[in-house]
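To start, the structure under review is shown below, and the notes come after it.
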Number of protein chains: 2
Amino acid sequence: MLKEERHQVILNEVRIHNKVLLTDIAELVKVSPDTVRRDIKELHDANKLKRVHGGAISLGFNHYNYANREIYSLEKKSKIAEKAVSLLKEGQVVLLSGGTTNLEIARLIPPYLKITCFTPSLPIAVQLLPKPNIEIIFIGGKINKDSQITIGGGPIGVLSELKADICFLGVNSIHPSDGVTEFDWEIVQVKKAMINASKKVVVPSIFEKINSVQRYKICDVASVDILITELDKNDPLLKPYGKNITLV
Amino acid sequence: MLKEERHQVILNEVRIHNKVLLTDIAELVKVSPDTVRRDIKELHDANKLKRVHGGAISLGFNHYNYANREIYSLEKKSKIAEKAVSLLKEGQVVLLSGGTTNLEIARLIPPYLKITCFTPSLPIAVQLLPKPNIEIIFIGGKINKDSQITIGGGPIGVLSELKADICFLGVNSIHPSDGVTEFDWEIVQVKKAMINASKKVVVPSIFEKINSVQRYKICDVASVDILITELDKNDPLLKPYGKNITLV
DNA sequence: GAAAATCTTGCAATGTTTTGCAATATTTTT
DNA sequence: AAAAATATTGCAAAACATTGCAAGATTTTC
């Protein structure tokens, strides 16, 4: 049995039971306890579980990692969010996907601006709550705990009946020829529905972190109307995107 | 059982009851009192709880940040929420309306209990988020900023297709002859839909505050299966409710 | 493609942590 | 102040972890 396979077995057990006993795994996959120990040590170092005397337990119990996931890039994020907010006009129907950049946008939306915001993101809804002039419509469904957005048929159904003026689509990866991609299949489905549900698609993203390709495709670059980054719109790095996209 | 697990059990008990008896834990997890003592000592050193003679208490417990009256009502609320949580069984589909008592229930749901929670309440969804075994379905729609729950056709539509095992219905007023009443018409509609969407309706409420009548009617007392209050179930004040309702 | 370097795994010797018990001290209750 | 409950301490057995090592597998280098 390959090491990778054992790792998957261990992580799966942790996922199901929130813990594993070292001896149980050793017996289950028929290797020495030493090997399992080394496996657990590796997974611990990779921050996939917490190694403890006698086995390992799930990280899950105290994970509030969403809030402080990427503090260092906050400044760039604010810059992007400011540009994004400047696109908003009174009376618009705005669709906000999840993600920390969109959360920052939500934070910066002026409280006196009368708009309607649709979102499947729990933190974004909470962020918008105190702004008196913003009408919030939460797109309900099953909550994905990693991304803290709703996924599945529910949200997709709601989105199919919506045509928002503008959509801020938080993305993990964008590439001139491979388009917008994502690593979670269910999130891809929601984001596809969001694109269909909007007249205009805006991607606000830290350029440094997004010029990459992930497993599943959301859409072509051509489906994106506006790309907002921390860079100047004339920056040569953005040249490959310039033909079909408005840069901000 | 791993040491880390015991620690989680202890912290969870402290979270729920604001205190633990050393002997109770020893019996619960079936180890010697000495071991529990050592566990509590460790958790104390890690500043997770306060070690005291005979067991441990919650850190926040003696902070007089609240007015006395609020602490008083918080205690009642916790008492009610504890009773409510004890009704839950693994695998159930649970419907939680909004309100502070239900928020307290959400707080006390053990993180290792595998249940599915439907809720239209933003704070309750956020409260449930870190509990790894709970599947959260947010009932989407337009958010009412006062109550922080979704209202209108969206939620009512979703609820019409649901049959939950149990519904915790937060209420403002209940009266033996006038039934359950509410002052906001839109919230009434959602709560009516919740009652229809559940096999069993539980009303958890501070008795002192609810024995009153408001503008709009949600349902008769007969539609409520279980009434949970801070009072003993044999308290004469509850007598008028006793005929059709199980008191807890 | 062969040799060298690296990685993986199980074993054994040694070190550490965990746990329950018993004897003794301290605190709380009556 | 005595009785009861809880804490502390030291100890020993068991469980678990660490380290170094060697045999075999895999990858890299030439």
Side-chain angles (χ1 to χ4, degrees), chain A residues 1-63 213 215, chain B residues 1-64 68 71 75 78-79 82 110-112 132 232:
Chain A
M1 177 174 245
L2 295 171
K3 193 170 76 165
E4 264 309 307
E5 284 183 84
R6 283 197 316 269
H7 284 194
Q8 292 307 316
V9 169
I10 293 169
L11 286 175
N12 201 40
E13 290 294 310
V14 168
R15 195 174 53 78
I16 293 169
H17 301 110
N18 287 317
K19 62 153 188 180
V20 284
L21 299 186
L22 193 142
T23 48
D24 287 355
I25 295 291
E27 199 179 331
L28 185 64
V29 301
K30 302 210 185 322
V31 291
S32 75
D34 303 69
T35 301
V36 178
R37 219 188 310 279
R38 277 181 279 235
D39 287 339
I40 288 176
K41 206 175 287 182
E42 266 188 61
L43 291 167
H44 173 99
D45 292 342
N47 210 31
K48 300 286 182 64
L49 44 69
K50 185 173 170 195
R51 179 173 182 244
V52 297
H53 195 97
I57 64 167
S58 152
L59 291 174
F61 275 94
N62 274 332
H63 75 87
V213 180
R215 219 179 322 183
Chain B
M1 178 175 244
L2 297 169
K3 190 174 77 168
E4 200 70 23
E5 279 185 90
R6 280 197 319 267
H7 285 193
Q8 285 179 1
V9 168
I10 293 168
L11 287 174
N12 198 41
E13 289 296 310
V14 167
R15 196 171 53 79
I16 291 172
H17 301 105
N18 285 319
K19 64 171 183 184
V20 284
L21 298 184
L22 193 143
T23 48
D24 287 353
I25 297 288
E27 199 180 331
L28 185 64
V29 301
K30 299 200 188 329
V31 291
S32 75
D34 302 69
T35 301
V36 178
R37 219 187 309 279
R38 278 182 278 234
D39 285 339
I40 288 176
K41 204 175 287 181
E42 264 189 63
L43 291 167
H44 173 99
D45 292 344
N47 209 32
K48 301 285 182 65
L49 44 67
K50 187 173 172 197
R51 180 171 180 246
V52 296
H53 196 96
I57 61 171
S58 150
L59 284 177
F61 196 60
N62 267 346
H63 293 176
Y64 288 97
N68 266 353
I71 278 199
E75 250 174 62
S78 293
K79 198 168 171 184
E82 260 183 66
Y112 43 79
D232 185 88

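Below, all heavy atoms of this structure are taken into account, side chains as well, without hydrogens, waters or symmetry copies. First the proteins, then the strands, lettered A, B, ... as listed; each starts at 1.
Listed nucleotides: D:dA7, D:dT19, D:dT8. Nearest to the side chain of A:D34: D:dT19.
Between the CD1 atom of A:I40 and the C1' atom of D:dC16 there is a distance of 12 Å, given to the nearest Å. Taking atom CZ of B:R38 as the reference point, atom P of D:dT8 lies 11 Å away to the nearest angstrom. D:dA25 atom P lies 21 Å from atom CD of A:E4, rounded to whole Å. In this structure, A:I25 places its CD1 atom 14 Å from P of D:dC16, rounding to the nearest Å. One atom, NZ of A:K3, and another, P of D:dT27, lie 12 Å apart when rounded to the nearest Å.
When B:V20, B:V14, B:T35, B:V31 are each tested for a side chain to side chain contact (heavy atoms under 4.5 Å, CB included) with B:I25, only one passes: B:V20. With B:D39 as the fixed residue, the salt bridge (charged side-chain N to carboxylate O under 4.0 Å, His left out) test singles out one of B:K3, B:R6, B:R51, B:K48: B:R6.
Put simply, chain A comes within 4.0 Å of DNA chain C, heavy atom to any atom, from C:dT8 to C:dT18, going 5' to 3'.
Closest approach of A:A26 to A:S32, counting heavy atoms only: CB-C, 4.3 Å. Taking each heavy atom of B:I40 and B:A56 in turn, the nearest pair found is CG2-CB, 3.9 Å.
Residue-level contact check: B:V52 touches the backbone only, with heavy atoms under 4.0 Å from sugar-phosphate atoms and none from bases.
Residue A:K41 places none of its side-chain N or O atoms closer than 4.0 Å to OP1 or OP2 of D:dA17. Contact annotation: B:R51 reaches the phosphate of D:dT8 (side-chain N/O to OP1 or OP2, under 4.0 Å).
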| said: Between A:E13 and A:D24, is the side chain to side chain contact (heavy atoms under 4.5 Å, CB included) condition met? List the steps. | reply: CA-CA 10 Å; A:E13 290 294 310; A:D24 287 355; over 6 Å; no
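Summarising the local packing, NZ of A:K19 is surrounded by more than 12 heavy atoms from other residues, nucleotides or ligands at distances under 6.0 Å.
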